[in-house]
Amino acid sequence: MEPSKAPEIFLKPYNPALEEPQMLELWEKSGYANPDVCVEKGVTKPDAETFSIVLPPPNVTGILHMGSALMVVIEDIVVRAARMQGKRTLWIPGTDSAAIATQARVEKDIQKSEKKTRHDLGREELLRRIDVFVEENKSIIINQFKKMGASLDWSRCAYTMDEKRYAAVMEAFVRMHAAGLIYRGQRIVNWDPKGQTTISDDEIVYEERTAKLVTFTYSHEFPIPIATTRLETKVGDTAVAVHPDDGRYAGLVGKEYDAVFCGVPIHVKIVADPSVDPSFGTGALGVTPAHSHTDWEIADRHDLLRPQVIDEKARMTIEGALKGKKTMEAREIILEWLKKENLLIKEEEIPQNVATAERTGGIVEPLPKLQWFLDVNKPIAKRSGKTLKELMRDAVESGETEIFPKHFEKVYFNWIDNLRDWCISRQIWFGHRIPAWFRKDERGNIVDTIVGVEGPSSAKASEGTWEQDSDTLDTWFSSGLWTFSTLGWPEETDDLKTYHPTSLLETGYDILFFWVARMILMSQFHLGEIPFRKVLLHGIVRDGQGRKISKSLGNNIDPLDMSAKYGMDAVRMSLIAGMAPGTDSKISEEKIRGYKHFANKLWNITRFVLENYGSATSINSDDQKLVDEAKDVATEVSANIDNFRLDLAADQVYHFVWDRFAAEILEESKPIFRGGGEAAASRAHTLYAILNTSLKLLHPFMPFVTEAIWQQLPQPSSAQGSGGARKESDFLMVAKWPLLRSSSAKDFGRAQ
RNA sequence: GCGCGCUUAGCUCAGUUGGUUAGAGCAUCUCAUUUACACUGAGAGGGUCGGGGGUUCGAAUCCCUCAGCGCGCACCA
């Protein structure tokens with residue numbers, strides 16, 4: 001046997017900065033991230049089991065942070081493992097327009113540099129500026145994802161606002177409108193005065209604050225004191241509601257009173273309504289139908305007037321001294337007036353949840369507005385009379401879609417149970433414009449409406465001037481279509497047939513409602529099938545001490561900085577280690593450094609193995625046990641990956657490679673090599689085999705260093721001496737996943 | 001108010017259907033070592049598994065209860 005020298009590159013420590021760009025280039029040239037190429041080149045059988053997954057599209061305003069890095073790593077691990085297992089694997093990338101966030105960002109930039117508002121520029125010009133911004137930023141975020149080693153099929157990259165996706169959104173809206181699920185109605189909506197748009201219930205964040213609860217009466221004649229934290233709305237009251245069983249007020253129900261409240265004439269009827277909590281405040285509720293969700297519903301039941309007293313800028317609209325005042329100012333003025341008039345009974349501090357807009361932080365003002373809604377309770381004929389709510393529930397209840405970890409299924413059901421109609425129209429310019437056209441009379445009243453992809457036909461156009469609705473759709477409306485709009489829907493494409501329903505949806509638990517639920521809704525309605533078979537949720541990435549990463553704490557750990565310092569493989573491993581599904585995880589620089597050492601360990605193991613590697617021989621029975629041991633590890637690692645316990649899988653292979661392979665097997669081999677002969681030759685091949693298996697198992701987790709080593713491996717000489725056996729694959733990325741222990745070790749449909 | 005999760009070594013966490021003496025990483029301390037690797041190796045200290053009760057031959061693991069922390073939803077006059 002002639003000992004071969006290890007390639008010179010192994011004489012120096014592993015250098016990620018040198019290897020990573022080369023590996024990226026190799027992978028990109030290979031085209032193996034595209035399943036069509038894999039089939040073409042014979043790596044994957046055309047009829048192999050498919051594995052498909054969409055990348056949760058990052059916002060074009062965003063940059064890569066540890067959260068998105070975690071997402072990329074989890075998905076890339078699962079995808080690379082599936083590809084090596086011979087599955088026809090598709091991972092679709094894309095970017096998200098993130099309507100409000102993007103428009104706000106561009107508006108801010110323009111305000112800063114040109115001191116202009118969007119109204120100064122006009123709709124067309126603003127949208128043009130946004131497009132420029134988006135194009136610049138898209139490539140930044142895409143390049144960052146590429147650097148992570150994400151084996152996404154960039155040839156299928158989608159953007160929520162590109163032509164195909166735009167068309168899909170229009171089609172989806174029109175179809176849902178035709179089915180009677182989308183309607184336009186005057187209802188109380190969540191108005192964000194800061195963002196100047198409506199928002200959905202899910203975009204509200206409740207903040208606990210202390211509020212002043214004021215107890216008073218409207219006038220000296222009015223018999224019931226009421227309590228409120230929002231005095232300014234009381235000029236819009238049209239009723240006082242008490243509980244039907246509340247004996248204190250029984251005799252007063254049905255009576256009506258007039259009063260002049262802080263200069264505003266009001267007419268208040270006393271009604272009995274079961275929604276009133278007799279134990280809160282005075283047990284009597286001043287009903288302001290136009291500025292409270294529950295009061296609006298009470299007004300429905302008692303046929304009350306609904307005067308609006310606050311406008312979109314959160315200012316008073318009522319004639320008189322209050323007109324034009326901010327709500328907070330009006331509150332003080334009324335309080336002073338109550339004191340002066342001796343109508344004030346009590347003031348007390350109470351804790352209160354204030355509704356704020358998630359994006360802007362503005363205090364949400366409930367306002368009655370004419371908006372588009374999606375009806376979640378209407379039976380759908382073509383879906384056997386089920387409602388959207390029921391369809392959403394069915395998908396998970398039937399087990400067709402499984403959520404990991406399991407307990408999030410309860411959270412999901414809980415959300416569905418409390419779901420109200422979804423307000424889908426937004427008063428911003430950047431987004432998918434609602435495909436509705438209105439014809440108005442001289443006074444501006446809408447006399448005709450058309451909903452359609454094309455707009456008014458020529459015949460209709462001759463009837464008068466049509467104007468398209470200026471509103472755009474909630475960004476989650478288009479996101480809901482993502483699993484199938486990225487595959488070419490509404491066209492019946494091959495991709496759609498092959499890859500939908502997708503196999504897996506992996507995302508953060510924080511967008512379970514926003515996105516996961518909406519995708520189920522959309523797919524169930526439009527395709528009559530689930531969007532994905534499994535949902536895997538991950539948590540928030542926190543710093544080493546478990547704190548949320550925030551600018552004010554200055555504890556940001558930038559994934560790209562860290563990879564420059566320690567290598568992307570180290571970043572990837574440290575994100576996965578200790579990360580249980582659905583649970584928040586932690587990352588620190590020390591942790592990352594540890595895995596850099598591991599990459600180097602692997603590098604040096606290779607050096608040792610190659611230095612002792614020699615010509616053809618067979619493996620003896622003692623050594624076969626070691627090979628089998630590696631097979632056992634492969635079996636367990638595979639099982640953990642299948643169960644999405646990537647943390648356990650990573651830990652297992654890490655410990656096998658370091659503590660068993662390097663610390664024990666390699667050490668025991670040294671005297672064997674000194675002894676020479678058959679035993680040494682057998683051992684040399686055994687070490688090569690174990691290294692081979694280790695590289696494959698580690699590849700999904702640490703693709704760069706493993707591929708870099710693979711590229712340096714000599715072609716193994718055949719044990720049977722047939723010679724010239726080619727290295728089984730030119731790329732570790734598409735090398736065959738190790739055989740597993742059990743006889744059920746399937747071939748995973750790999751082409752030979 | 002309803003629901004979910006967490007509580008194990010100084011720190012961060014594993015512990016998969018209950019089964020010997022409860023594990024890892026980091027940190028601390030001691031020692032070793034010029035060839036695969038100091039981006040190393042060997043070893044040590046450190047835990048009444050949040051409290052209490054129960055089931056069991058046996059409980060970190062299952063049940064009840066209490067406490068603390070975190071989160072979601074609802075209410076929010």
Side-chain angles (χ1 to χ4, degrees), chain A residues 6 10-15 201-202 204 206 208-209 211 213-215 226-231 233-234 237 240-242 275-277 279-288 291-295 298 350-355 405-419 509-510 512-513 539-540 542-546 548 566-567 570 574 577-580 582-591 593-612 636 639-640 643 645 647-648 651-652 654-655 658-659 662-663 666-667 669-670 673 687:
Chain A
F10 290 107
L11 300 179
K12 288 182 185 164
Y14 173 61
N15 181 357
D201 294 344
D202 298 288
I204 291 177
Y206 290 97
E208 192 155 303
R209 301 182 185 174
L213 183 71
V214 180
T215 307
I226 59 168
T228 185
T229 56
R230 296 206 56 194
L231 266 180
T233 65
K234 296 293 105 183
D237 282 11
V240 162
V242 297
S275 68
V276 178
D277 174 3
S279 66
F280 189 93
T282 61
L285 163 66
V287 181
T288 322
H291 299 287
S292 150
H293 283 100
T294 50
D295 293 7
I298 292 174
I350 58 160
Q352 191 193 223
N353 284 329
V354 177
K406 197 85 179 164
H407 71 256
F408 278 103
E409 292 188 353
K410 275 195 183 173
V411 179
Y412 173 80
F413 292 134
N414 184 253
W415 177 80
I416 291 176
D417 292 341
N418 290 304
L419 190 62
Y509 64 69
D510 50 334
L512 178 63
F513 309 141
I540 296 165
R542 296 167 179 273
D543 74 0
Q545 285 117 61
K548 266 195 178 173
Y566 305 109
S574 56
M579 183 255 0
T583 307
D584 295 352
S585 56
K586 295 169 188 72
I587 192 155
S588 60
E589 190 161 346
E590 294 71 49
K591 196 171 168 186
R593 191 185 302 128
Y595 288 104
K596 185 196 180 183
H597 298 175
F598 180 58
N600 193 57
K601 189 81 184 174
L602 194 64
W603 195 251
N604 281 293
I605 289 170
T606 307
R607 175 180 165 190
F608 181 83
V609 171
L610 294 186
E611 276 175 352
N612 293 286
E636 284 172 38
N640 276 322
N643 295 329
R645 289 307 305 265
D647 54 326
L648 300 183
D651 195 56
Q652 234 162 2
Y654 172 91
H655 280 108
W658 198 312
D659 298 337
L666 250 55
E667 290 304 322
S669 301
K670 288 175 184 174
F673 288 138
L687 296 187

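First the proteins, then the strands, lettered A, B, ... as listed; each starts at 1.
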Item to check | B:rA42 to B:rA22 separation - C1' atoms, rounded to the nearest Å | outcome: 23 Å
Item to check | Nearest-angstrom distance, C1' atom, B:rC11 to B:rC4 | outcome: 27 Å
Checklist entry - Mind checking the C1' distance from B:rG15 to B:rC6? Whole angstroms is fine. => result 15 Å
Item to check | Gap separating the CG atom of A:D277 from the CG atom of A:L285, nearest 0.5 angstrom | outcome: 10.0 Å
Item to check | Euclidean distance for C1', B:rG53 against B:rG47 (whole angstrom) | outcome: 23 Å
Item to check | Phosphate-side-chain proximity, A:T294 and B:rC75, N/O vs OP1/OP2 below 4.0 Å | outcome: no
Write down the protein N/O and nucleotide N/O pairs, taken from nucleotides 3-8 of chain B, whose separation is under 3.5 Å; answer none if there are no such pairs.
residue : atom : partner : partner atom : Å
B:rC4   : OP1  : A:K410  : NZ           : 3.1

Checklist entry - Reckon A:N353 touches a base, only the sugar-phosphate, or nothing at all at heavy-atom distances under 4.0 Å? => result base
Next on the checklist: In terms of relative ring orientation, are A:F673 and A:F608 parallel, tilted or perpendicular, with 30° and 60° separating the classes?
Outcome noted: tilted
Produce the list of close N/O pairs, under 3.5 Å, pairing protein atoms with atoms of nucleotides 39-42 of chain B; give distances to one decimal.
residue : atom : partner : partner atom : Å
B:rC39  : O4'  : A:H597  : NE2          : 3.1
B:rC39  : O2'  : A:N600  : ND2          : 3.4
B:rU40  : O3'  : A:K601  : NZ           : 3.2
B:rG41  : OP1  : A:K601  : NZ           : 3.1
B:rG41  : OP1  : A:W658  : NE1          : 2.4

Checklist outcome for this item: A:D201 CG to B:rC75 C1', in whole Å, measures 14 Å
Item to check | Spacing of A:D647 atom CG relative to B:rU16 atom C1', expressed in whole Å | outcome: 11 Å
Checklist entry - Does anything in residues 597-606 of chain A pair up under side chain to side chain donor-acceptor pair (under 3.5 Å), and if so which pairs, sequence neighbours excluded? => result none
Checklist entry - When we call it a touch if two heavy atoms are under 4.0 Å apart, what does A:V609 touch: a base, just sugar-phosphate, or nothing? => result nothing
Item to check | Atom pair OH (A:Y654) and CG (A:L602), whose distance is rounded to the nearest 0.5 Å | outcome: 11.5 Å
Item to check | C1' spacing across the pair B:rC76 / B:rU17, given as an integer number of angstrom | outcome: 45 Å
Item to check | Whole-Å distance separating the CZ atom of A:R209 from the P atom of B:rC76 | outcome: 18 Å
Checklist entry - B:rG23 C1' sits how many Å from A:Y654 OH, rounded? => result 15 Å
Item to check | 5′-ward residue of the pair A:F10/A:A355 relative to RNA chain B | outcome: A:F10
Checklist entry - What nucleic acid atoms does A:I605 come within less than 4.0 Å of, heavy atoms only: base, sugar-phosphate, or nothing? => result base
Next on the checklist: Suppose we call a contact any N or O donor and acceptor under 3.5 Å apart; does that hold for the side chain of A:Q652 and the base of B:rA14?
Outcome noted: no
Next on the checklist: I'd like the P distance from B:rU55 over to B:rA59, given in whole Å.
Outcome noted: 11 Å
Item to check | Sequence-distant partners of A:D237, salt bridge (Lys or Arg N to Asp or Glu O under 4.0 Å), two or more places apart | outcome: A:K234
Next on the checklist: Restricting to side chain to side chain contact (heavy atoms under 4.5 Å, CB included), what partner residues turn up for A:N15, sequence neighbours left out?
Outcome noted: A:A17, A:L18
Checklist entry - Partners of A:L648 by side chain to side chain contact (heavy atoms under 4.5 Å, CB included), sequence neighbours excluded? => result A:N640, A:R645
Item to check | Non-neighbouring partners of A:R230 that pass salt bridge (Lys or Arg N to Asp or Glu O under 4.0 Å), sequence neighbours left out | outcome: A:E232, A:E365
Checklist entry - Within the structure shown, what part of the strands sits under 4.0 Å from A:K670 by heavy-atom distance: base, sugar-phosphate, or nothing? => result base
Item to check | Pair assignment for RNA chain B - dot-bracket with | for other-strand partners, Watson-Crick or G-U under 3.5 Å | outcome: (((((((..((((.....[...)))).((((((....).))))).....(((((..]....))))))))))))....
Checklist entry - Rounded to whole angstroms, how far apart are CG on A:D510 and P on B:rG70? => result 19 Å
Item to check | Nearest-Å distance for atom pair CD/P, residues A:E208 and B:rG72 | outcome: 12 Å
Checklist entry - What is the nucleic acid contact for A:I350, judged by heavy atoms within less than 4.0 Å: base, sugar-phosphate only, or nothing? => result nothing
Checklist outcome for this item: Residues at least two apart in sequence or cross-chain that pass side chain to side chain contact (heavy atoms under 4.5 Å, CB included) with A:T294, listed by chain then number, are A:S292
Checklist entry - Which residues satisfy the ring-ring contact (aromatic ring centres under 6.0 Å, His included) test with A:F408, sequence neighbours excluded? => result A:Y509
Item to check | Length of the CG-C1' vector between A:D417 and B:rC2, whole Å | outcome: 12 Å
Checklist entry - How long is the span from the CG atom in A:N612 to the NZ atom in A:K670, to the nearest 0.5 Å? => result 10.0 Å
Item to check | Residues that A:R593 engages under salt bridge (Lys or Arg N to Asp or Glu O under 4.0 Å), provided they are two or more places apart | outcome: none
Item to check | Touch class at under 4.0 angstrom, heavy-atom based, for A:Y509 against every strand present | outcome: nothing
Item to check | Closest to the A:L648 side chain, choosing from B:rA36, B:rA74, B:rU16 | outcome: B:rU16
Item to check | Value in whole Å for how far the C1' atom of B:rU16 lies from CG of A:N643 | outcome: 9 Å
Checklist entry - Quantified in whole Å, what is the P atom distance between nucleotide B:rC73 and nucleotide B:rU12? => result 27 Å
Item to check | Rounded distance in Å between the C1' positions of B:rA27 and B:rU61 | outcome: 29 Å
Item to check | A:R645 vs B:rG15: side-chain N/O to OP1/OP2 distance below 4.0 Å | outcome: yes
Checklist entry - By side chain to side chain contact (heavy atoms under 4.5 Å, CB included), which residues pair with A:K591, not counting sequence neighbours? => result A:S574, A:A577, A:S588, A:Y595
Item to check | Within-4.5 Å side-chain heavy-atom neighbours: A:V609 and A:F10 | outcome: no
